[in-house]
*Asks:* 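Pasting in a structure now, in structure tokens, and then I'll have a few things to ask.
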Amino acid sequence: MLLSISNILTFSRIFIIPIVVILIYMKGPIAGWAAFIFFCIAGITDYFDGYIARIRKEISRLGIFLDPIADKLLVASVILILTSKEVISGFEIIPALIILVREIIVSGLREFLARIKVGVPVSKIAKFKTALQLIALGILILSEGGITTIPVLIFGKIFLWIAAILTLYTGYDYFKSGIKHF
């Protein structure tokens, strides 16, 4: 099942990350729009890889392993590059840190629980959290596209804060489920 459609979509999300990062780093509206489009493609693959795996009954250990890693790589890479370009700066670094720290802690918790043979399924609210993070980061990427008629950057920062609050909630939810196994 290495080359199932769902795994190919997950791999494509990982391979798109450097393209998105390079395009964000470049200056100009064309690069900003291209970064936004590639980021959206990556976000769409996040939805469809799992959906296709379920309907085609192609759920694999590789897919279960790679999908959350691809999500975290995409989110972390974009947060870091937007921070380096000061799109995320000042107080907006707080929600960015919340997102990054939560992802590291939950990954560590999942690894610990896996070693003691305890599975932690992904909740629907955690899937919504990932979608909201992707929307917030997509809007922030779009702010690099030269749009001046609407306050895209402000919307992106508001969504980043909302995503961080939801990220805290889901992190607490996972921690609450996992703490009884320590």
Side-chain angles (χ1 to χ4, degrees), residues 1 4-17 20-21 35-80 82 88 92 94-114 117-142 155-181:
M1 285 239 223
S4 66
I5 294 171
S6 53
N7 285 346
I8 291 169
L9 288 172
T10 301
F11 282 123
S12 72
R13 185 161 66 255
I14 293 169
F15 293 129
I16 286 175
I17 294 169
V20 171
V21 167
F36 174 74
I37 291 166
F38 277 102
F39 183 79
C40 288
I41 291 168
I44 290 167
T45 67
D46 181 37
Y47 171 77
F48 280 109
D49 62 359
Y51 176 75
I52 290 171
R54 285 186 296 279
I55 65 167
R56 293 179 56 126
K57 297 185 183 357
E58 294 178 344
I59 296 173
S60 67
R61 289 183 179 171
L62 178 64
I64 292 168
F65 169 74
L66 272 186
D67 182 59
I69 290 173
D71 296 343
K72 286 162 185 44
L73 287 173
L74 180 64
V75 168
S77 298
V78 170
I79 285 174
L80 290 173
L82 290 175
I88 298 174
E92 287 80 34
I94 294 169
L97 271 173
I98 288 170
I99 291 168
L100 292 175
V101 168
R102 181 264 189 207
E103 299 303 343
I104 293 167
I105 290 171
V106 168
S107 293
L109 177 64
R110 284 179 170 274
E111 184 177 331
F112 167 76
L113 293 174
K117 308 284 190 256
V118 175
V120 182
V122 176
S123 66
K124 288 186 181 192
I125 193 143
K127 289 181 182 186
F128 180 70
K129 175 264 320 168
T130 300
L132 196 56
Q133 286 176 355
L134 294 175
I135 290 167
L137 293 173
I139 293 169
L140 289 171
I141 291 169
L142 191 56
F155 285 130
K157 290 179 179 186
I158 290 168
F159 272 92
L160 188 65
W161 277 101
I162 295 168
I165 291 166
L166 197 54
T167 298
L168 279 174
Y169 174 79
T170 59
Y172 171 75
D173 202 32
Y174 279 120
F175 186 73
K176 187 175 69 172
S177 297
I179 193 77
K180 60 187 169 201
H181 299 285

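Basis for what follows: all heavy atoms, side chains included, without hydrogens, waters or symmetry-related copies.
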*Asks:* Is atom CZ of Phe128 surrounded by more than 12 heavy atoms (other residues, nucleotides or ligands) closer than 6.0 Å?
*Replies:* no

*Asks:* What is the minimum heavy-atom distance between Phe39 and Leu137, and which atoms define it?
*Replies:*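 Heavy atoms only, the tightest pair is CZ-CB, 3.8 Å.
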
*Asks:* So, taking the atom named CG in Asp67 and the one named OG in Ser6, what distance separates them when rounded to the nearest 0.5 Å?
*Replies:* 9.0 Å

*Asks:* Would you compute the distance between atom OG1 of Thr167 and atom CG of Leu132 and round it to the nearest 0.5 angstrom?
*Replies:*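 Output value for this atom pair is 7.5 Å.
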
*Asks:* Should Phe175 and Val106 count as side-chain neighbours, where that means a heavy-atom distance under 4.5 Å?
*Replies:* no

*Asks:* Taking all non-hydrogen atoms of both residues into account, name the closest pair between Ile179 and Lys176 and its distance.
*Replies:* CG2-O, 3.5 Å

*Asks:* Examine the side chains of Ser60 and Asn7 and answer whether a donor and an acceptor come within less than 3.5 Å of each other.
*Replies:*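 Yes, because at least one side-chain N or O of Ser60 sits under 3.5 Å from a partner of the opposite role on Asn7.
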
*Asks:* Give the ring-plane orientation class for Phe48 versus Tyr51, where under 30° counts as parallel, over 60° as perpendicular and anything between as tilted.
*Replies:*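 Correct class here is perpendicular.
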
*Asks:* Taking C-beta and beyond as the side chain, do Arg56 and Ser4 meet within less than 4.5 Å on heavy atoms?
*Replies:*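 Result no, sub-4.5 Å side-chain heavy-atom pair not found.
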
*Asks:* Could you verify whether a donor N or O on one side chain and an acceptor N or O on the other, from Thr170 and Arg102, lie under 3.5 Å apart?
*Replies:* yes

*Asks:* Please find the pair of heavy atoms, one from Ile17 and one from Ala70, that lie closest to each other, and give the distance.
*Replies:* CD1-O, 4.2 Å

*Asks:* List the atom of Ala96, the atom of Leu160, and the distance in Å for their closest heavy-atom pair.
*Replies:*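 Residues Ala96 and Leu160, closest heavy atoms: N-CD2, 4.5 Å.
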
*Asks:* With a 4.5 Å heavy-atom cut-off, do Phe11 and Leu62 have their side chains touching?
*Replies:* yes

*Asks:* What's the spacing between Ile44 CD1 and Leu9 CG if we round to 0.5 Å?
*Replies:*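 So the gap between those two atoms works out to 11.0 Å.
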
*Asks:* Which pair of heavy atoms, one from Ala42 and one from Ile16, lies closest together, and at what distance?
*Replies:*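 Looking at all heavy atoms of both residues, the shortest contact is CB-CG2, 4.1 Å.
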
*Asks:* What's the spacing between Thr10 OG1 and Asp46 CG if we round to 0.5 Å?
*Replies:* 8.0 Å

*Asks:* Among side-chain atoms of Thr45 and Arg13, is any donor-acceptor pair under 3.5 angstrom?
*Replies:*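 Side-chain D/A pair, Thr45 to Arg13: present.
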
*Asks:* Can you tell me if Thr130 and Asp71 form a side-chain donor-acceptor pair at under 3.5 Å?
*Replies:* no

*Asks:* Please give me the minimum heavy-atom distance between Ile141 and Phe36, naming the atom from each residue.
*Replies:* CG2-N, 3.5 Å

*Asks:* More than 12 heavy atoms of other residues, nucleotides or ligands under 6.0 Å from OH of Tyr174: is that the case?
*Replies:*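 Count over threshold, so yes.
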
*Asks:* Counting C-beta onward and ignoring hydrogens, is there a side-chain heavy-atom pair between Glu103 and Gln133 closer than 4.5 Å?
*Replies:* yes

